Engineer: 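Before I ask anything, here is the structure I am working with.
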Amino acid sequence: MKYDFKKIEGKWQKEWEKAQIYKAKDFSNKKKYFALVEFPYPSADGLHVGHVESYTAMDIVARKRRMEGYNVLFPMGWDAFGLPAENYAIKTNIHPAKTTRINAKNYEKQMRSLGFSFDWSRLVDTTDPDYYKWTQQLFLRFFEKGLAYRAKANVNWCLSCKTALANEEVVNGRCERCGGEVTQREKEQWMLKITNYADKLLAGLKDLDFLQEIKTSQINWIGKSEGALLDFSISNSDFKVKVFTTRPDTIFGATYLVLAPEHVLISNLKNQISNFGEIEEYVLRTSKKTEEDRLKSDKDKTGVELRGVFAINPATKENIPIFISDYVLANYGTGAIMAVPAHDERDFKFANKFNLQIKKVVEFKDARIFGSLKSFKESFISEVKKKWNFRDLNNKEDIFEIVSNEVKDIFELAKNNFNDHSAVLWSDGDVKQILFHSDSGENKIFDWSDGELAKNARNYGLMLGIKQEFMGWGNILEPYLEDGKLINSGEFTDLLSSEKRWEIAYSLNGRKEIKYKLRDWVFSRQRYWGEPIPLAYCDVCSANVKSFGIDPKKNWSEGEKLNPGWVAIPEKNLPVVLPSLKKFKPGEDGESPLAEAKNWIWIKCPKCGGKARRETDTMPNWAGSSWYFLAYALGGSLAYKKKGSFWNKKKLDYWLPVDWYNGGMEHVTLHLLYSRFWNNFLFDEKLVSNPEPFQKRTAQGLILGKGGVKMSKSKGNVVNPDVVSSEFGADALRLYEMFMGPFNQAKVWEVSGILGPYRFLERVWNFGTEMVSSGVSDDKELSVLVNATIKKVSDDVEKMAFNTAVSSMMILINSFYEKKELSVNLWKKFLLILAPFAPHITEELWQKTSIKKSKKIKFIHQEAWPEYDEKLVGDKTVEIVIQVNGKIRGTISVDIGVSEEKLKKQVLDLEGVKKAIDGKEIKKVIFIKDRLINFVI
RNA sequence: GGGCAAGUGGCGAAAUGGCAGACGCGCAGGCUUCAGGAGCCUGUGAUCGCAAGAUCGUGAGGGUUCAAAUCCCUCCUUGCCCACCA
């Protein structure tokens with residue numbers, strides 16, 4: 001009988017669907033397991049092979065968990081708001097809701113045909129008004145608690161289209177559509193105060209089982225840094241400049257200040273600045289700078305000095321110049337820095353360009369001693385290696401380095417151990433000496449604090465890449481960025497910079513301050529195809545809030561107090577449904593397309609009954625995906641479409657947190673951070689019981705097209721999973737994607753690669769239909785191998801080492817073929833471990849074997865995951881490697897657990913070993929039980 | 001410029017201190033077949049050798065170790081993410 005995957009796959013997909021075996025039950029005696037994959041944006045192109053990779057992996061996990069007796073929730077949905085649907089609508093005038101519906105249907109069909117065990121009854125769709133009603137309601141919570149506020153933020157602005165652009169629409173600083181120039185333009189927008197949660201989002205990571213690189217990217221994005229705020233007075237003025245620095249210990253080396261071009265001090269000091277015209281011009285120029293220009297000017301720092309004014313360094317009391325430059329950002333820290341060119345790379349570059357004083361205030365704590373290997377006798381090298389941290393720097397001159405503060409001892413040792421080459425040893429530490437053994441046989445010691453002598457020493461042939469500042473002469477060539485010993489620092493001189501960092505700050509009336517790179521989340525988009533922001537603006541209420549201040553009788557929420565005039569649409573009027581429009585294009589003046597819906601905009605103010613205008617901006621894509629996992633737990637569309645209360649904390653408590661979340665590496669910063677932020681906030685609002693939504697998070701590697709490049713329509717290298725599965729079957733496609741390579745690494749799609757897994761399935765089919773019979777009893781060797789494979793596959797799935805799991809099953813079927821027959825018992829175990837990977841073929845073959853069916857259990861996917869017998873995993877005998885001096889001279893097969901003595905006798909009698917040892921004395925024997933024996937001669 | 005990965009046969013890769021190249025693709029040969037982009041079997045890192053076997057071999061160089069693809073140092077290359085974050 002031929003392996004007819006088309007017939008088999010369709011048949012079982014229908015049967016499973018009929019029996020509803022993947023439906024998750026709220027509450028159960030079984031332990032729950034929530035397996036989550038990122039829900040896709042249903043594009044017109046259909047499913048991508050990258051989706052298939054992620055879904056197959058988690059499908060395997062979900063199926064295995066069910067077999068292990070868990071109550072599993074493995075849901076799917078549509079993250080359907082987005083730019084492509086909107087752009088398509090602009091082009092064709094077809095409503096995005098319609099295209100979305102068609103695309104989603106196609107996605108569902110494709111996913112079903114691949115046999116994923118999703119619980120389709122819980123499907124969610126972010127563009128469903130019944131869904132985004134809750135997205136809006138949750139947003140209003142942020143608003144009511146004062147976590148949403150209006151502020152000016154930059155948007156990408158196309159000068160020729162006169163519209164705001166999404167980041168995706170800006171390509172190399174130009175508009176994707178018309179190729180016009182893109183600049184930044186300020187616009188008032190809604191912001192979410194994610195920075196309030198910066199600390200929680202950082203601390204919360206600690207106990208989570210995320211891949212380390214994912215944690216790192218979250219940590220870096222939050223970017224916590226601890227610094228000091230310090231005041232610099234301005235000479236002849238009452239104004240002060242506050243600077244933020246992480247290195248207050250270097251303040252004695254602060255030789256100038258730099259302000260961001262937007263800094264208020266500039267206008268405050270207008271009358272005292274003699275070159276104000278020049279300053280104004282610079283400010284104007286930088287404000288016009290596009291992203292592109294800034295990239296170009298990366299290397300070359302620009303700036304202008306504020307002439308006529310000076311700041312006073314609070315540590316040295318010296319007058320220092322003030323500059324403005326766009327390398328200082330207005331919206332980080334205080335928008336002003338103290339520049340320490342000797343110890344900061346950017347300040348160093350700037351100082352060199354403008355010829356400013358560079359003052360060194362920190363130096364290396366230990367001595368760093370360099371020498372040339374050729375200069376010293378073996379005895380010196382071996383002695384030094386024993387006592388100190390010796391590193392061979394592997395320059396052509398064989399330079400080594402020792403980091404130590406025992407310079408004197410090392411020099412003492414060196415004196416007596418010269419070769420007769422010219423010898424070199426130098427140090428930049430406490431003992432500033434150079435030992436030198438000249439060609440004429442003379443030993444000389446130079447004190448290098450004496451610049452002249454040291455220069456002479458150099459002429460003897462000492463220059464082997466010595467950095468000049470180590471020698472204590474000449475200019476500083478590069479800044480020293482690390483901690484070390486303070487110099488030129490008043491009372492703190494000779495103390496350690498790391499220990500005195502805060503003391504120095506406090507002594508100058510500074511205070512500690514924690515800053516984050518993380519900025520508040522710009523939550524407005526000037527777009528049609530997103531959730532309307534459920535707020536309205538009312539002039540009367542604005543005046544009321546402002547004039548009454550905080551009047552408790554008026555019942556103003558925090559958000560309404562924070563944003564005078566802005567009032568929430570009441571819950572009973574949600575959802576605020578997107579009005580249908582004729583034109584979807586963003587407005588010419590930077591307004592959202594919704595501003596064109598004249599009938600929709602004007603409403604009765606929910607607060608005072610007057611005239612109010614709706615917010616016309618919509619929410620960003622990230623909104624709907626910030627809580628979709630909660631919607632699944634709450635029952636999905638069936639639940640949110642039903643009247644009555646959708647939010648059910650008992651269900652959330654049961655299912656959350658997500659036990660395992662897998663998705664793309666491209667979403668491990670923003671989406672992950674945003675959804676953790678929402679969940680943390682909902683926890684504070686007592687709407688959920690865990691601050692952290694995801695217990696474990698992993699990521700798959702990209703699947704690339706030919707030549708290792710990203711798959712894209714324009715390159716014509718997109719692989720359609722439908723085409724592959726109609727030729728080789730869903731099981732073969734699933735297996736191939738798991739077999740391709742390490743799950744978390746980027747992999748290149750190779751058409752011919754699928755043949756291996758396909759042939760494997762054919763072999764499984766042929767063996768199962770022809771060579772398994774009830775008359776055969778368990779073969780001993782095969783029992784052992786089946787056991788080992790169960791263990792291997794069980795472990796590998798947990799590690800996401802799917803490629804080696806598949807290969808171990810290939811090895812197993814190859815061994816079955818070698819024996820030419822197999823017992824039903826072992827065959828069933830094999831089918832069970834293969835079932836999560838290839839659900840259809842295993843179901844068909846399972847049904848063909850003589851199995852007991854019960855009312856409850858009809859399918860292989862309802863059976864229990866096979867256990868392995870630890871005693872049967874290994875063989876009774878084991879191959880031991882025999883080495884002589886680390887080289888392999890043979891192997892020997894012995895009983896497991898054999899002792900060193902016994903093995904030694906046996907091994908030394910072997911011809912090959914005798915020959916290798918050649919009668920020499922055995923100095924040492926290394927014996928690793930059941931692994932290896934190594935004779936050192 | 002910064003951060004994070006990764007470099008192993010003709011190719012995808014395995015081995016995370018203990019027999020480098022499992023498993024698969026491709027290739028070569030054999031069996032079977034009217035036929036095959038089918039199935040089964042055998043071989044397949046390089047060099048030398050009829051063979052047994054020997055030597056070399058995991059981006060380059062060095063170090064630690066009885067033993068290194070694996071750990072440490074320096075450098076090179078590629079990919080991804082981020083752009084002056086004090």
Side-chain angles (χ1 to χ4, degrees), chain A residues 2 212-214 216-217 219-221 223 225 227 243-247 250 258 291 294-295 297-299 301 325-329 331-334 336-340 343-347 349-350 385 390-396 398-401 515-519 665-666 668-669 701-702 704 708-710 736 739-742 744-760 762-763 766 801 803-811 814 817-818 879-891 912 923-928 930-937:
Chain A
K2 230 190 119 214
Q212 191 48 49
E213 58 215 278
I214 296 178
T216 307
S217 81
I219 291 167
N220 288 348
W221 193 264
S225 63
V243 304
F244 175 70
T245 175
T246 52
R247 291 294 302 276
T250 61
V258 187
E291 200 73 9
R294 282 183 51 201
L295 286 174
S297 65
D298 187 21
K299 290 251 161 68
K301 300 234 175 301
S325 171
D326 61 357
Y327 85 92
V328 173
L329 302 178
N331 46 9
Y332 183 81
T334 59
I337 62 158
M338 64 178 207
V340 186
H343 305 290
D344 182 281
E345 206 124 17
R346 288 146 305 176
D347 298 344
K349 274 188 194 156
F350 192 85
K385 273 188 188 172
F390 177 94
R391 293 201 306 144
D392 186 343
L393 293 183
N394 189 35
N395 284 347
K396 281 172 198 134
D398 297 318
I399 293 174
F400 61 85
E401 179 195 69
K515 296 270 180 201
Y516 300 92
K517 266 203 274 186
L518 184 71
R519 310 284 178 72
M665 210 55 201
E666 69 273 24
V668 299
T669 38
L702 275 182
L704 304 167
V709 290
K710 262 192 185 166
Y736 171 54
F739 185 65
M740 283 177 86
N744 58 1
Q745 268 174 43
K747 295 164 281 278
V748 176
W749 183 276
E750 190 62 58
V751 189
S752 59
I754 197 169
L755 285 173
Y758 177 72
R759 283 177 199 153
F760 164 70
E762 268 193 330
R763 278 161 77 78
N766 292 338
N803 53 338
T804 49
V806 173
S807 90
S808 72
M809 290 188 282
M810 287 173 167
I811 292 169
N814 290 348
Y817 268 88
E818 268 168 41
E879 287 255 298
I880 290 189
V881 177
I882 307 160
Q883 295 182 338
V884 176
N885 274 353
K887 290 212 164 180
I888 288 125
R889 294 298 165 189
T891 60
K923 285 187 194 149
K924 201 172 165 189
V925 180
I926 312 278
F927 172 74
I928 314 284
D930 294 339
R931 271 228 152 119
L932 142 154
I933 187 157
N934 183 13
F935 300 97
V936 185
I937 57 172

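Order of the sequence lines sets the chain letters (A, B, ...), proteins ahead of strands, with each chain counted from 1. From a predicted model like this one, the values you see are computed outputs, not experimental measurements.
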Engineer: State which of C56(B), C19(B), G3(B) makes the closest approach to the side chain of I888(A).
Structural biologist: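 So the side chain of I888(A) is nearest to C19(B).
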Engineer: Contact class for V328(A) (heavy atom, under 4.0 Å): base, sugar-phosphate, or nothing?
Structural biologist: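 Base, at least one base atom sits under 4.0 Å.
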Engineer: Return the value, rounded to whole Å, for the distance between atom CG of L704(A) and atom P of C80(B).
Structural biologist: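 Answer to the nearest Å: 8 Å.
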Engineer: What's V881(A) touching, base or sugar-phosphate or nothing? Going by heavy atoms closer than 4.0 Å.
Structural biologist: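 Base: the residue V881(A), judged by heavy atoms under 4.0 Å, touches a nucleobase.
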Engineer: Grab the CG-C1' distance between D344(A) and G1(B) for me, whole Å please.
Structural biologist: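 Atom CG in D344(A) sits about 13 Å away from atom C1' in G1(B).
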Engineer: Side-chain N or O of K924(A) less than 4.0 angstrom from OP1 or OP2 on C66(B)?
Structural biologist: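 Yes, within the criterion.
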Engineer: Counting distance alone, no hydrogens or angles: does the base of G18(B) have a donor or acceptor under 3.5 Å from a partner atom on the side chain of Q883(A)?
Structural biologist: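 Per atom types, the contact qualifies.
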Engineer: Tell me every residue that passes side-chain contact (heavy atoms from CB on, under 4.5 Å) with Q212(A), counting only those two or more places apart in sequence or in another chain.
Structural biologist: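 For Q212(A), the residues satisfying side-chain contact (heavy atoms from CB on, under 4.5 Å) (neighbours in sequence not counted) are K215(A), T216(A).
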Engineer: Pull out every protein N or O sitting under 3.5 Å from an N or O of nucleotides 22-27 of chain B, one pair per line with the distance.
Structural biologist:
residue: G24(B); atom: OP1; partner: N814(A); partner atom: ND2; Å: 3.1
residue: C25(B); atom: OP1; partner: R759(A); partner atom: NH1; Å: 2.7
residue: C25(B); atom: O2'; partner: S752(A); partner atom: OG; Å: 3.2
residue: G26(B); atom: OP2; partner: R759(A); partner atom: NH1; Å: 3.3

Engineer: Mind checking K887(A) for me? I need base, sugar-phosphate or nothing, with any heavy atom below 4.0 Å counting as a touch.
Structural biologist: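 Contact class for K887(A): sugar-phosphate only.
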Engineer: Applying ring-ring contact (aromatic ring centres under 6.0 Å, His included), name anything that partners W749(A), two or more places apart in sequence or on another chain.
Structural biologist: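 ring-ring contact (aromatic ring centres under 6.0 Å, His included) check on W749(A) returns Y736(A).
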Engineer: Can you name the ring-ring contact (aromatic ring centres under 6.0 Å, His included) partners of F350(A), sequence neighbours left out?
Structural biologist: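 With neighbours one apart ignored, the set is Y256(A), F323(A), Y327(A), F354(A).
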Engineer: Report the residues that fulfil ring-ring contact (aromatic ring centres under 6.0 Å, His included) with F927(A), sequence neighbours left out, ordered by chain and then residue number.
Structural biologist: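 Residues passing ring-ring contact (aromatic ring centres under 6.0 Å, His included) with F927(A): none at all.
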Engineer: RNA chain B: stems of at least 3 consecutive Watson-Crick or G-U pairs, cut-off 3.5 Å?
Structural biologist: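 Paired runs of 3+ in RNA chain B: B:1-7 with B:76-82, B:10-12 with B:23-25, B:26-31 with B:39-44, B:45-48 with B:53-56, B:59-63 with B:71-75.
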Engineer: In whole Å, what is the span from the CD1 atom of I926(A) to the C1' atom of C66(B)?
Structural biologist: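 The distance from CD1 of I926(A) to C1' of C66(B) comes to 4 Å, rounded to the nearest Å.
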Engineer: Atom CD of Q212(A) and atom P of C80(B): how far apart are they, to the nearest Å?
Structural biologist: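 After rounding, the gap between these two atoms is 23 Å.
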Engineer: Rounded to the nearest Å, what distance is computed from the CG atom of residue L518(A) to the P atom of nucleotide A83(B)?
Structural biologist: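 Rounding to the nearest Å, CG of L518(A) and P of A83(B) are 13 Å apart.
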Engineer: What's N934(A) touching, base or sugar-phosphate or nothing? Going by heavy atoms closer than 4.0 Å.
Structural biologist: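 Contact class for N934(A): base.
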Engineer: Output the single nucleotide from C84(B), A13(B), A86(B) whose closest atom is nearest the side chain of D326(A).
Structural biologist: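 Among C84(B), A13(B), A86(B), the one nearest the side chain of D326(A) is C84(B).
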